[in-house]
Every structure is written in C-alpha cells, then in structure tokens.
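Written out below as structure tokens is the structure these notes cover.
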Amino acid sequence: MNPGWTLGWTWAKKEIIWAVMGAQATEQGDCAKFKLKIPHSCKRNPQVVDLLPGAPFNMQFTNCCRGGVLTSWGQNPSGAVSAFQIGVGLSGTSNKTVKLPKNFKLLGPGPGYSCGPAKIVPSTAILTDDRRRKMQALMSWNVTCTYSQFLASKNPSCCVSLSSFYSDKVTGCPPCACGCQNNNTCVTKDSKILQENATSPHRKSDITLTPKPLLQCTHHLCHVRVHWHLKDNYKDYWRVKIAIINFNYRLNFTDWSLVVQHPNLNNVTQVYSFEYMPLLPYESINDTGMFYGLKYYNDLLMEAGPKGNVQSEVLMKKDKNTFTLKQGWAFPRRVYFNGDECMLPPPDSYPMLPNSGHKLPTTITLMATYVVFTLFFHLVVTLF
C-alpha cells in the first residue's frame, strides 16, 4: 500500500546505473569521477522506488508509475505487477563478466520481507515493439522474497470482535490484542492533536517510510478491527454482517483485502457490498475466501473517524449436515487483513446460544421479586 514498495540490492562489483525507466533510485551517490555524462546512481547499494502516476511519458515503462502500490493477485492480476528497466554500466558485456547482485531487500512499504539469493534461470525472450521478432536476453535471474508477519511486527495489527442476533453480549477484541506499547501515545476522539493533525497533515521525512501511526485509544490498541455479526437465521440460509473499522488517524488502506476461513464459505449465495473470491489452497477444501472493496466505491478504507469503516453482508446457504449455532460454529476460524492474521477472542468468550439452563435463573428471579412485592404491598395496606 501507499507509499509503495522499495527494492534494494548490493552490486557485486563497481556497477553504476546510467538510466532508469519506470522507476528511480532514491539516492544518486558520489558520481564525482564522471565528467561528461553523469549516471543516474553511483551507489554501491542502490534503492529503487516506483514512479508516481502522471510521470512523463518518456520515463514510463510497462506496469510502472502507480506509486509502488500493488493489489493482490486475486483482486487484479494486472495491478499486481510492477516493472522497470535500468541501464547498467561497468558490469561487463557477456554472461561470464556479468555478476549477480546480492543482498536483495524489499520493503512493502514496511519490513517483513526476507529475500533469497539471485538464481540464474533460462534467458527471457523479449519481443520487439512490432511484436514480430524475439530477442534473447543476455542473462536472466530470479529473486524470491517471502513475507513473514513476525518479521514485520512482534504484535498483530488487527483483531476480531463478535456478536449475534440471539445474544445481547458483544464479544470485543481481547485487551491489548495488538500490544500495549502504544498505550502512552494513543489519542482520544476529542484530543487537540487530532485538530492539529487535520490542519497540518503529517509529513514524511523519508519516502520509504510509512507515516508514524496515530492510534485512537481503545482497549485493544489495534490499527484495524474486524467485526463479525451473525445477523439472521432462515430456514435454508443464514446471513452475516462484516464490518472493518480503521483506528489509525494517519493511514488509509488502499485496495484492502480481507481473508476469512469458515466451513460454510463453500456455499456463498450472495455478497452485497464487497467483491468476493474463493481461495483454494487445497483443491478438495473450499473453506477460505477473500473479500475486497468495489472499485471507486469502498476499495479505500479511510482513516479513523466517521468515514473510517466499510461493511457488507454475506448470505450463505445452509448445509443441514453441518450447520449449527452451537459452540461458536457460526464464527470464523481465522481472519486476515491485508495479509496479516488478526487476533480472535478466546472461544469461551463467544456469544452463547440461549437454552433452558440459562433462562431458569431469570424466571426464578422474576418470581421471587413478584412474591416479595406482593407481600410488601399487602403489609402496607394492612397498616393503613
């Protein structure tokens, strides 16, 4: 998401970057020894970022210029690819003299990615502009970077709350679900800091850094809360309402995604205000799906405040062999927001299904109250 990805590496020799199309290096470095033509970057460990939308046409490249913002592959495959082209100098002119860069680092935009070494793969075939001739690349290599939530942060960034039509109880996020380290820096809704933030927006000192969080004070101290409400239970169907609430006053979530695991997602009938795509990590099991916003409607989750939420309803057809409202079956097994797993409440705190054992104490209490009131009223009448 914004401010986008940053890709860095270390050159194997004394290579330089003469020119870049579709991106730019964040620093030029020391190019004092070049007199006639000045390179784009002389850094031994350059960092490259995507160009912003509206970049000059002669600087653009295929799949560039989105400010480094990528969608998930499931939402939009064409928007999940970013590319740029660099002209490298002092590297040699054959596959024997060209050395592979090392120490690749990817920020997206924060930490969490660990990159493996570059591996040589079959050379890429490049089509000419008229697409009638293929040219062979001198050398091609791949680098795979893997994301880990534990590397990104020691605490979760989101949590889940639960409620249902059959219970007045709302199961909130666990206390300090996302850590209590922000307890001294959070702000209340009426804080003067919010007024100052609105008149003078936060300015980033480095284009590779996300804005410093400004969280609303809550008992869970999470950036995002996902609420799952069991709304209706029909004869053949049941309905769930899903809401996503942002508690960060300085961060919008562009092209957000929500992944939910539940056994009845194998029979989704209708999703009303979100897009939905089933995910099949195991072809024989269809219990996971991805929700994301409708383009130009709710694909942007605004910062904390009156507009800092998106919501939808999901209608699912019952499987009479498995459907039940008992023992928390109707609540999700796992929830992920933007790829990070959200903390669920403990199972013993889920909204309980009413039964005779829960109703009995209430009935006895009402009867006892009625008897006491009758005796008291009779005593008052007798005295008068």
Side-chain angles (χ1 to χ4, degrees), residues 156 158-178 218-220 222 224-247 258-276 278-279 285-291 298 301 308-337 341-370:
C158 57
C159 63
V160 180
S161 57
L162 309 170
S163 63
S164 66
F165 69 89
Y166 57 72
S167 175
D168 293 334
K169 176 183 178 181
V170 176
T171 302
C173 293
C176 292
C178 299
T218 59
H219 72 279
H220 52 75
C222 291
V224 172
R225 175 169 65 90
V226 179
H227 186 73
W228 178 282
H229 175 66
L230 179 54
K231 187 175 182 180
D232 293 303
N233 182 26
Y234 308 112
K235 180 180 178 181
D236 297 319
Y237 299 88
W238 62 297
R239 185 191 299 261
V240 170
K241 183 176 181 179
I242 301 174
I244 308 173
I245 304 97
N246 186 5
F247 291 96
L258 179 73
V259 174
V260 178
Q261 183 183 23
H262 190 280
N264 212 160
L265 288 178
N266 61 351
N267 211 342
V268 173
T269 302
Q270 188 170 359
V271 179
Y272 291 89
S273 301
F274 292 165
E275 296 282 5
Y276 176 74
L279 302 178
I285 302 176
N286 180 14
D287 65 349
T288 307
M290 182 174 71
F291 301 88
N298 57 4
L301 176 58
N309 68 89
V310 291
Q311 51 189 309
S312 179
E313 295 186 3
V314 183
L315 185 68
M316 291 174 279
K317 188 174 182 179
K318 293 180 179 178
D319 182 347
K320 296 182 179 180
N321 295 323
T322 59
F323 179 83
T324 180
L325 294 178
K326 298 179 180 179
Q327 299 178 342
W329 184 91
F331 298 111
R333 308 302 186 264
R334 288 186 177 183
V335 176
Y336 300 82
F337 180 78
E341 185 171 4
C342 303
M343 178 172 283
L344 287 160
D348 58 358
S349 66
Y350 285 12
M352 297 293 292
L353 185 67
N355 53 47
S356 57
H358 287 82
K359 292 181 180 179
L360 185 57
T362 304
T363 305
I364 293 175
T365 302
L366 290 174
M367 290 177 62
T369 304
Y370 176 77

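Quick caveat, the model's predicted, so the values are computed rather than measured.
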(request) Quick one: pull up CZ in Phe337 and CG in Leu301 and give me the separation to the nearest 0.5 Å. (result) 5.5 Å
(message) Do Leu162 and Pro332 make a side-chain contact, defined as non-hydrogen atoms from C-beta onward lying under 4.5 Å apart?
(response) yes
(message) For Trp238, run the side chain to side chain donor-acceptor pair (under 3.5 Å) check against Asn233, Asp232, Asn264 and tell me which one passes.
(response) Asn264
(message) Testing the basics here: between Met343 and Pro156, what is the closest heavy-atom pair and its distance to 0.1 Å?
(response) CE-CG, 4.2 Å
(message) Looking at His227 and Gly172, would you say the former's side chain and the latter's main chain have a donor-acceptor pair under 3.5 Å?
(response) no
(message) If you compare all heavy atoms of Leu265 against all heavy atoms of Tyr276, which two are closest, and at what distance to 0.1 Å?
(response) O-OH, 3.5 Å
(request) With rounding to the nearest 0.5 Å, note down the distance linking OG in Ser167 to OH in Tyr350. (result) 14.0 Å
(request) For Lys317, look at atom NZ and say whether over 12 heavy atoms of other residues, nucleotides or ligands are found less than 6.0 Å away. (result) no
(request) Look up atom CD1 in Ile285 and atom CG in Leu279, then write down how far apart they are to the nearest 0.5 Å. (result) 13.5 Å
(message) It should be assessed whether the SG atoms of Cys178 and Cys222 lie less than 2.5 angstrom apart.
(response) yes
(request) For Glu275, enumerate each residue passing the salt bridge (Lys or Arg N to Asp or Glu O under 4.0 Å) test, keeping only those at least two apart in sequence or located in another chain. (result) none
(message) Could you report the tightest heavy-atom contact between Val271 and Phe291, atom names first, then the distance?
(response) CG2-CE2, 4.1 Å
(request) Give a yes or no on whether Gln270 atom CD has more than 12 heavy-atom contacts from other residues, nucleotides or ligands under 6.0 Å away. (result) yes
(request) Take Val260 and Val226 through the test side chain to side chain contact (heavy atoms under 4.5 Å, CB included) and record every step on the way to the result. (result) CA-CA 11 Å; Val260 178; Val226 179; over 6 Å; no
(request) Compare all side-chain heavy atoms of Asn267 with those of Met316 and state whether any distance is below 4.5 angstrom. (result) no
(request) Please say whether more than 12 non-hydrogen atoms of neighbouring residues, nucleotides or ligands are located less than 6.0 Å from CZ in Arg333. (result) yes
(message) According to salt bridge (Lys or Arg N to Asp or Glu O under 4.0 Å), who are the partners of Lys241, at least two apart in sequence or on a separate chain?
(response) none
(message) Has Ser312 got a side-chain atom pairing as donor or acceptor with Ser273's backbone, closer than 3.5 angstrom?
(response) yes
(message) Just so I know, are the side chains of His219 and Cys173 near enough to count as touching, which here means a heavy-atom distance under 4.5 Å?
(response) yes
(request) Measure across Pro263 and Asp287 and return the closest heavy-atom pair with its distance rounded to 0.1 Å. (result) CA-CB, 4.0 Å
(message) Main chain of Thr171, side chain of Ser349: is a donor-acceptor contact present, judged purely on distance under 3.5 Å?
(response) no
(request) Decide yes or no for Pro351 and Phe331: does some side-chain heavy atom of the first lie under 4.5 Å from some side-chain heavy atom of the second? (result) yes
(message) Counting only heavy atoms not in Asp168 (residues, nucleotides, ligands), do more than 12 fall under 6.0 Å from its CG?
(response) no
(message) If I take atom NZ from residue Lys169 and atom OG from residue Ser164, how far apart are they, to the nearest 0.5 angstrom?
(response) 10.0 Å
(request) Give, for atom NZ of Lys231 and atom CD of Glu313, the distance between the pair rounded to the nearest 0.5 Å. (result) 3.5 Å
(message) I need the Arg225 CZ to Ile245 CD1 distance, nearest 0.5 Å.
(response) 4.0 Å
(request) Compare all side-chain heavy atoms of Tyr272 with those of Arg239 and state whether any distance is below 4.5 angstrom. (result) yes
(request) Indicate yes or no for a side-chain donor-acceptor contact from Lys318 to the backbone of Tyr234 under 3.5 Å, with no hydrogens or angles considered. (result) yes
(message) When you compare the side chain of Gln261 with that of Thr288, does any pair of heavy atoms fall below 4.5 Å?
(response) yes
(request) Heavy atoms only: give me the nearest Trp329-Thr324 pair and the separation to one decimal. (result) CE3-O, 3.2 Å
(request) Measure the shortest side-chain to side-chain distance between Leu258 and Tyr336 over non-hydrogen atoms and say whether it is less than 4.5 angstrom. (result) no
(message) Looking at every non-hydrogen atom in both residues, tell me the closest pair between Pro174 and Leu344 and how far apart they are.
(response) CG-O, 3.8 Å
